[in-house]
Protein chains: 2
Amino acid sequence: MEAILEELEQASELENMQGISEALRDVFKVDHLVYHWVSSNGEQYGCGTYDPEWVQHYLDKDYLRVDPVVVGCYQRFHPVDWKRLDWSSKAARAFQADAIANGVGNQGYSVPIRGPNGQFALFTVSHNCDDATWARFTESNRRDLILIAHYFNQKALDFEPERAPEPAQPLSPREVDAMTLLAIGYSRAQVADTLSISEHTLRVYIEAARFKLGAMNTTHAVARALSRGLIVV
Amino acid sequence: MEAILEELEQASELENMQGISEALRDVFKVDHLVYHWVSSNGEQYGCGTYDPEWVQHYLDKDYLRVDPVVVGCYQRFHPVDWKRLDWSSKAARAFQADAIANGVGNQGYSVPIRGPNGQFALFTVSHNCDDATWARFTESNRRDLILIAHYFNQKALDFEPERAPEPAQPLSPREVDAMTLLAIGYSRAQVADTLSISEHTLRVYIEAARFKLGAMNTTHAVARALSRGLIVV
DNA sequence: TCGGGCCTCACTATTTTTGGGGAGTGGAAT
DNA sequence: ATTCCACTCCCCAAAAATAGTGAGGCCCGA
């Protein structure tokens with residue numbers, strides 16, 4: 001375990017990650033171990049031990065928007081056992097059946113991870129076993145899993161710095177104010193009034209923010225500011 | 001160490017955190033150990049071993065926007081040694097002098113942590129010693145520090161009850177489509193075109209979504225859908 | 001079977017937002 | 001000391017979004 005952690009910390013090439021995933025899977029004696037980057041611009045990257053066919057199928061079906069693991073972890077900080085997620089919707093059940101049919105285990109444990117600019121990723125281990133066995137496994141390995149998740153994400157960020165969409169030009173304080181107030185529903189007039197500036201001036205901020213965020217309109221700018229964590233509502 | 005980690009994981013009251021900070025400080029034999037929540041809407045919460053006067057001074061001076069540790073970690077995922085940050089600006093140097101005068105060590109190591117909805121926090125250890133000693137310390141404790149940072153943030157989020165006040169009314173598939181496309185910058189015309197429906201129909205979806213989300217305009221609706229995790233961009 | 005949510009389309013009129021200019025201050029960094 | 005950036009203000013015309021009301025078909029669960 002120690003050795004693998006060390007290797008993971010020191011990994012200096014992306015290609016190693018796949019191998020490390022497999023090594024870790026064997027160390028933990030689980031069926032699958034996956035790191036999955038869910039970048040805010042829709043791009044995805046992953047490495048792990050899932051069947052490539054399943055991965056492609058996942059992408060084709062746009063399961064990202066259905067997968068209860070993703071939607072559930074998106075609002076969560078704690079690592080979570082799949083059993084505690086909401087599988088009640090019809091789409092979720094269909095997804096679950098499809099996943100199990102494709103070799104994904106009936107048990108799973110996922111660690112959400114977040115980086116700068118709203119980057120979001122998941123680290124998951126999955127296995128086929130009964131609840132008690134799985135509970136023992138997660139109980140005794142949760143700390144290592146958190147650390148591994150951390151290191152995987154660290155590597156992903158190291159190797160793909162350009163993957164972070166435009167390198168997040170920081171918004172000026174006024175621009176942050178403007179975006180924040182727009183995000184809580186104020187109209188331009190209200191925002192200008194709240195900030196005690198003319199609506200014309202406000203417009204300059206909104207345009208500047210739009211430009212910095214590479215957004216095509218105000219709504220887009222607010223959405224980006226939000227998903228990059230530049231503003232909080 | 002193990003025992004403290006256990007206690008940290010199990011802590012069920014906010015008051016314990018202060019005590020755990022002090023215990024951890026003694027375990028690590030460092031001058032200070034601080035967890036600092038910096039939700040970017042200005043709210044702050046912290047617990048740790050800094051002199052309360054310094055904390056108050058920090059807040060009064062609005063050092064949050066100056067502190068190189070905060071601004072430096074904000075765009076970073078890796079834990080970082082303070083020496084590697086940018087202390088060159090005039091404001092940063094003034095801050096540094098002020099900090100050291102107030103008992104903050106000349107060495108420091110900070111772990112950035114992020115939660116859902118752009119939540120951001122820092123976990124920091126600080127000490128007074130020479131570079132070599134500090135390098136040895138950080139080298140041998142970095143994993144524990146990451147874990148502790150994680151658990152501190154976990155507790156901070158647990159104790160923060162004001163999350164998702166409104167029960168998220170589910171959006172219909174079409175409404176999700178509309179919100180998603182709007183969030184990635186499409187205009188109404190483009191969205192309607194993409195979904196192959198008339199713009200009139202689209203409007204009905206947007207209004208329905210606005211209503212369900214209790215939003216006052218489209219931008220607001222998209223912002224809410226995003227921060228409630230109803231859509232992923 | 002019946003109500004209810006969902007999907008689809010239409011009209012008119014009004015209000016808001018946007019895109020393109022230009023211009024002056026002050027502070028901070030090189 | 002000059003340059004860069006943040007902040008503030010202004011005009012105008014075109015494009016987009018909003019408010020109100022309306023209607024028909026579909027599928028699901030009570």
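Chain letters run A, B, ... following the sequence lines, proteins first, then strands; residues in each count from 1. Quick caveat, the model's predicted, so the values are computed rather than measured.
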Identify whether any heavy atom of B/Arg188 sits under 4.0 Å from a base atom; if not, whether one sits that close to sugar-phosphate; answer base, sugar-phosphate or nothing.
-> base
Contact nearer the 5' end of DNA chain C, comparing B/Glu175 with A/Ser187 | B/Glu175
Test salt bridge (Lys or Arg N to Asp or Glu O under 4.0 Å) applied to B/Arg25 - qualifying residues, sequence neighbours left out | none
For residues 201-208 of chain A, which residues have at least one heavy atom under 4.0 Å from DNA chain D?
-> A/Thr201, A/Arg203, A/Val204, A/Tyr205
May I ask you to evaluate whether B/Lys212 reaches the phosphate of C/dC6, defined as a side-chain N or O under 4.0 Å from OP1 or OP2?
-> yes
The salt bridge (Lys or Arg N to Asp or Glu O under 4.0 Å) partners of B/Arg136 (sequence neighbours excluded) come to none
Who pairs with B/Phe152 by ring pair (Phe, Tyr, Trp, His ring centres under 6.0 Å), at least two apart in sequence or on another chain?
-> B/Tyr35, B/Phe123
Under-3.5 Å N/O pairs linking protein and nucleotides 26-28 of chain D:
none

Would one find a side-chain N or O of B/Ser89 under 4.0 angstrom from OP1 or OP2 of C/dA28?
-> no
Please collect all side-chain hydrogen bond (donor to acceptor under 3.5 Å, both in side chains) contacts where either partner lies in residues 120-132 of chain A, sequence neighbours excluded, each pair once.
-> A/Asp31-A/His127, A/Gln107-A/Asp131, A/Ser110-A/Thr124, A/Asp130-A/Thr133
Quick note, B/Pro173 side chain, CB onward, closest among C/dC7, D/dA17, C/dT17 is C/dC7
Check salt bridge (Lys or Arg N to Asp or Glu O under 4.0 Å) between A/Asp81 and all other residues, then give those that pass, not counting sequence neighbours.
-> A/Lys83
For the side chain of A/Arg210, starting at C-beta, report the closest nucleotide among D/dC10, C/dG19, C/dA10.
-> C/dG19
Which residues pass the side-chain contact (heavy atoms from CB on, under 4.5 Å) test with A/Val204, sequence neighbours left out?
-> none
Could I get the full list of side-chain contact (heavy atoms from CB on, under 4.5 Å) partners for A/Ala223, not counting sequence neighbours?
-> B/Ala183, B/Val222, B/Leu226
